[in-house]
Peer 1: 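Starting off with a structure, shown below.
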Amino acid sequence: MQQHYPFSEIEARWQRYWETEGLFHTDTDTAENKYYCLMMFPYPSAALHVGHGRNYIIGDAVARYKKMRGYNVLTPMGWDAFGLPAENAAIKTGIHPRASTLRSIATMKRQLRAWGACYDWDREVASCHPGYYRWTQWLFLKLYENGLAYKAAAPVNWCSSCHTVLANEQVVDGRCERCEATVEAKRMEQWFFRITAYAQRLIDDLERLDGWPERVKTMQRNWIGRSEGTVLEFELTPRDDGRPDPLASVKCYTTRVDTIYGCTYMAMAPEHPALADLVRGLPTEAAVQEYSRRAAQRATHERIADEQQKTGVFSGRYVINPYNGERIPLWIADYVLMDYGTGAVMAVPAHDTRDWAFAQHYDLPIRISIQNPEQSLDLATMTDAYTDDGITADSGQFSGLPNREAITRMTDFAKEHGFGGPMVHYRLRDWLISRQRYWGAPIPIVYCDACGTVPVPENTLPVQLPDDVEFRPTGESPLASSPAFMQTPCPACGKPARRESDTMDTFVDSSWYFLRYLSPRDEQRAVDSETCNRWLPVDQYIGGIEHAILHLLYARFFTKALHDIGLIGFGEPFAQLFTQGMICKRSEKDGQLYKMSKSKGNVVSPDSLIAEYGADTVRLYTLFIGPPERDAEWNDQGIEGASRFLRRLWRRVYEMRDGLRAVTDLPLPALGECTPAERELRRKTHATIQHVTQSMDGAFHFNVAVAQIMELMNVLDTHDPGPSATDITRRVVREALETIILLLSPFAPHIAEELWIQLGKPPGILNASWPEVDPAALIVDETEMVIQINGKTRGRGRLAAGLDDDAVRQAVLEWDIVKKHTAGKPVRRVIVVPDKLVNIVC
RNA sequence: GCCCGGGUGGCGGAAUGGCAGACGCAACGGACUUAAAAUCCGUUUUCCGAAAGGAAGUGCGGGUUCGACUCCCGCCCCGGGCACCA
């Protein structure tokens with residue numbers, strides 16, 4: 001053994017050992033006591049930085065810990081390998097996305113190994129591999145067969161910089177989630193997955209996900225956006241010119257039907273499909289169409305940007321309020337969204353801030369129909385809409401009701417009279433999966449002039465990506481430029497037909513990879529149902545919070561859909577979810593804290609750090625940096641602490657190992673044989689085991705776990721097992737040192753393995769058991785009691801442990817410190833917290 | 001606007017209602033060294049005090065309690081999600 005910690009040499013050696021021993025190779029056929037530990041598979045960008053590392057280090061620590069606890073652990077790894085960056089690079093450099101992706105994968109795999117992260121590499125998958133995307137295509141066909149995939153013309157989010165459409169989930173504040181370019185509204189024929197069919201189940205099943213952070217569940221709930229309300233049908237009054245109407249009524253959706261008697265106009269979205277028919281031939285037609293045309297050009301986010309400036313135009317038509325028969329004007333207004341509800345709203349200016357603003361601007365009537373509890377609402381003094389609860393007023397037969405009750409009564413009334421009823425609405429839209437790009441799984445559909453839309457037969461999959469394409473950004477998929485790809489006989493009639501040229505959103509690839517890990521090379525089927533049913537749901541899923549909605553919602557949807565199709569027997573993919581915080585770093589330019597990323601220029605590469613300090617030091621610091629669920633600031637100096645600690649541990653083993661080896665076979669001493677110092681070390685050892693185990697099983701607070709191990713080390717350092725030490729001292733020190741190494745091994749596995757054998761143990765510390773707490777060692781004879789007088793800490797004193805409250809009272813009242821502070825005042829009360837604290841009230 | 005987090009030394013952060021600041025970083029002082037690195041020892045919330053000791057202190061203001069970083073009420077600030085959602 002060397003005196004100085006030779007991290008490079010031992011890390012390389014143990015990494016080889018783990019690989020040749022097949023440390024995390026898992027037989028999923030026979031496995032019992034299973035534990036599926038999964039990290040979100042990465043997109044192969046050029047290289048990993050220490051911010052990415054947090055995910056893999058946490059996952060590796062959990063996997064190693066569970067293995068030591070006797071679980072049969074499955075930890076696979078793969079690559080979310082389709083995607084835009086590689087294709088954009090191809091446009092710039094001419095390097096084929098496949099080539100650059102494979103190179104990135106090689107680099108990242110090397111980096112993961114250098115970190116000491118262990119996976120069952122035999123199960124590696126890459127979503128860009130035909131052996132994988134063949135089954136992505138197959139799953140598309142299954143969804144298609146089951147009515148869950150469809151093509152429709154719809155207004156879509158177009159990113160002119162990425163030259164493709166985006167799903168709603170990929171638009172953030174009107175900008176492309178990836179490149180931050182402004183998203184434009186465009187009408188296109190696109191493929192969708194019917195995720196809305198699962199809206200309610202996606203909400204309901206969140207209840208069962210006890211192992212998910214509340215934050216993520218709330219975000220998903222908000223995103224799905226369930227709203228309960230009432231749908232009402234307003235009849236149109238006949239046209240003045242007596243011409244027939246193709247449309248008899250207009251539907252609107254409201255959550256506040258209780259305010260209906262205050263409704264003074266109706267407002268309709270400019271994109272409403274009935275609009276053209278409504279105004280045809282009217283004097284207002286030209287104005288309405290012009291208004292509608294201009295509004296449609298502005299994307300939704302633009303329209304909502306200037307909230308105050310609500311615009312609209314009178315349609316020239318009127319509708320009848322079904323509750324009171326009143327005739328009210330029908331307006332077209334751009335604050336009404338076609339996307340939500342029915343695209344038309346009943347406007348109640350007195351009780352809705354938007355309607356209020358609109359009515360003020362266009363001088364429309366305002367009428368109070370809900371009174372506040374003070375009955376003081378008065379149009380003359382109101383400066384804004386009253387939107388709180390209250391009592392219905394001037395509302396015909398419904399007057400005088402608490403408004404919540406009125407909602408139920410009025411909705412029932414609508415249903416009884418056939419002009420409406422309850423309605424549940426969701427904000428969630430169907431998932432748009434078409435992408436006008438090359439580097440993705442081709443949508444396996446053929447268009448035939450005779451047969452229409454024809455699915456590609458399963459046995460001819462995969463529809464392979466062609467190589468003869470040009471990566472020119474045109475707004476059309478590069479696949480369309482490949483005649484060899486596009487021209488194909490119709491699978492149904494054999495006549496010449498065209499292939500679909502769009503590829504699938506890469507979130508489709510990542511919606512089922514956790515199933516494929518169970519049978520990664522199976523050429524007969526996408527998923528091995530039986531094995532999946534045994535091993536899933538995933539026991540612990542670990543990844544970034546940025547996927548709270550996107551990936552995690554899609555994967556949940558896929559799991560439910562595949563469950564209903566009969567491929568799997570479970571409805572939720574991930575039992576426990578842990579979302580680690582981002583690693584940030586202060587920018588050298590402006591001193592601000594930013595998420596570590598290449599574009600911000602604040603990345604720290606693991607390669608040079610590992611070369612300088614070793615992987616274990618990088619791992620230990622990454623875990624120690626702060627609570628793992630929170631964002632953390634990377635501090636270049638902080639790593640010194642981790643490095644010092646491991647060097648110190650190495651040195652201790654180096655200095656002590658001869659003395660400690662001598663007592664290997666000695667049994668642990670009984671409590672009575674120990675000196676007070678030895679007993680204290682044993683107590684600390686076992687208290688540390690208890691605390692670290694709790695940290696690992698609970699909230700994954702590795703930062704605290706590492707701190708506790710450091711504390712034990714600090715206590716150990718006060719003991720000298722040198723030549724003059726007794727065997728008992730040595731034995732107790734040995735126990736403490738072994739414990740440190742065992743507890744540390746999930747965090748810093750290489751040094752733990754090495755020190756383990758240096759203590760004379762067999763190689764392979766993961767096969768050693770996690771240490772057990774010896775309750776006897778935790779027992780103490782004497783404790784230090786904190787003395788409080790009137791709630792203020794005044795000192796402390798030693799007292800026999802386990803005394804009853806009266807005995808403590810008696811003893812403590814005799815102490816000088818107590819006498820001094822009570823100073824003759826009568827003691828009114830003594831509160832005793834056993835073995836901890838006494839508070840004397842006087 | 002609504003819904004979640006969070007606010008503790010110079011810094012990262014610890015604390016089942018019971019010693020606030022564990023552990024680490026940085027800084028300062030000292031030992032070892034020709035010197036440096038490494039290592040080791042000590043100091044480090046603020047204020048008063050030579051010290052012993054005392055006072056204040058966990059974003060702000062109240063409250064509950066023998067006792068509050070922790071629980072309750074009302075605010076402020078920071079971060080995140082949703083949002084002309086009818």
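This is a predicted model, so every value here is computed, not measured. Lettering of chains follows the sequences in order, A, B, ..., and the numbering in each one begins at 1.
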Peer 1: Could you let me know what B/rG74 is paired to, Watson-Crick or G-U wobble, both distances under 3.5 Å, or none if it's on its own?
Peer 2: B/rC60

Peer 1: Can you tell me the base-pairing partner of B/rG1? Count Watson-Crick or G-U wobble geometry only, both distances below 3.5 Å, and say none if there is no partner.
Peer 2: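 B/rC82 - that is the nucleotide pairing with B/rG1, both distances being under 3.5 Å.
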
Peer 1: When you compare B/rG18 with B/rG10, how far apart are their C1' atoms, in angstrom units rounded to a whole number?
Peer 2: 30 Å

Peer 1: What nucleic acid atoms does A/R226 come within less than 4.0 Å of, heavy atoms only: base, sugar-phosphate, or nothing?
Peer 2: nothing

Peer 1: For the residue pair A/Y265 and A/Y362, is the inter-centroid distance of their aromatic rings smaller than 6.0 Å?
Peer 2: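 Between A/Y362 and A/Y265, which both carry aromatic rings, the centre distance is not below 6.0 Å.
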
Peer 1: Ignoring hydrogens and angles, tell me if any N or O in the side chain of A/R429 forms a donor-acceptor pair with the backbone of A/Y426 under 3.5 Å.
Peer 2: yes

Peer 1: For this output row, return yes or no: ring centroids of A/W431 and A/F507 closer than 6.0 angstrom.
Peer 2: no

Peer 1: Of A/E784 and A/D352, whose closest RNA chain B nucleotide lies nearer the 5' terminus?
Peer 2: A/E784

Peer 1: Taking for each residue the nucleotide of RNA chain B bearing the nearest heavy atom, is the 5' side occupied by A/E640 or by A/R829?
Peer 2: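 The answer here is A/E640.
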
Peer 1: If the glycosidic angle sits within 90 degrees of zero it is syn, else anti. Tell me which applies to B/rG54.
Peer 2: anti

Peer 1: Test ring-ring contact (aromatic ring centres under 6.0 Å, His included) on A/Y5 and A/Y654 and set out the steps.
Peer 2: CA-CA 9 Å; A/Y5 169 36; A/Y654 174 80; over 10 Å; no

Peer 1: Name the pairing partner of B/rU43, where a pair is Watson-Crick or G-U wobble with both distances under 3.5 Å, or state none.
Peer 2: B/rA27

Peer 1: Identify whether any heavy atom of A/R648 sits under 4.0 Å from a base atom; if not, whether one sits that close to sugar-phosphate; answer base, sugar-phosphate or nothing.
Peer 2: sugar-phosphate

Peer 1: Taking 4.0 Å as the cut-off, does a side-chain nitrogen or oxygen of A/Y253 come that near to OP1 or OP2 on B/rA86?
Peer 2: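 Indeed not, no polar side-chain atom of A/Y253 lies that close.
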
Peer 1: How would you label the contact of A/D355 with the nucleic acid (heavy atoms, under 4.0 Å): base, sugar-phosphate, or nothing?
Peer 2: nothing

Peer 1: Quick one: does any side-chain atom of A/E228 pair with a main-chain N or O of A/T255 as donor and acceptor, under 3.5 Å?
Peer 2: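 It does not hold such a pair.
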
Peer 1: When you measure from the side-chain N and O atoms of A/R215 to the phosphate of B/rC3, is any distance below 4.0 Å, counting only OP1 and OP2?
Peer 2: no

Peer 1: Any idea which of B/rA15, B/rG67, B/rC23 is nearest the A/N839 side chain?
Peer 2: B/rG67

Peer 1: Just to be sure I understand the rule, does A/Q637 reach a base, reach only the sugar-phosphate, or reach nothing, if contact means heavy atoms closer than 4.0 Å?
Peer 2: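 Touches sugar-phosphate only.
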
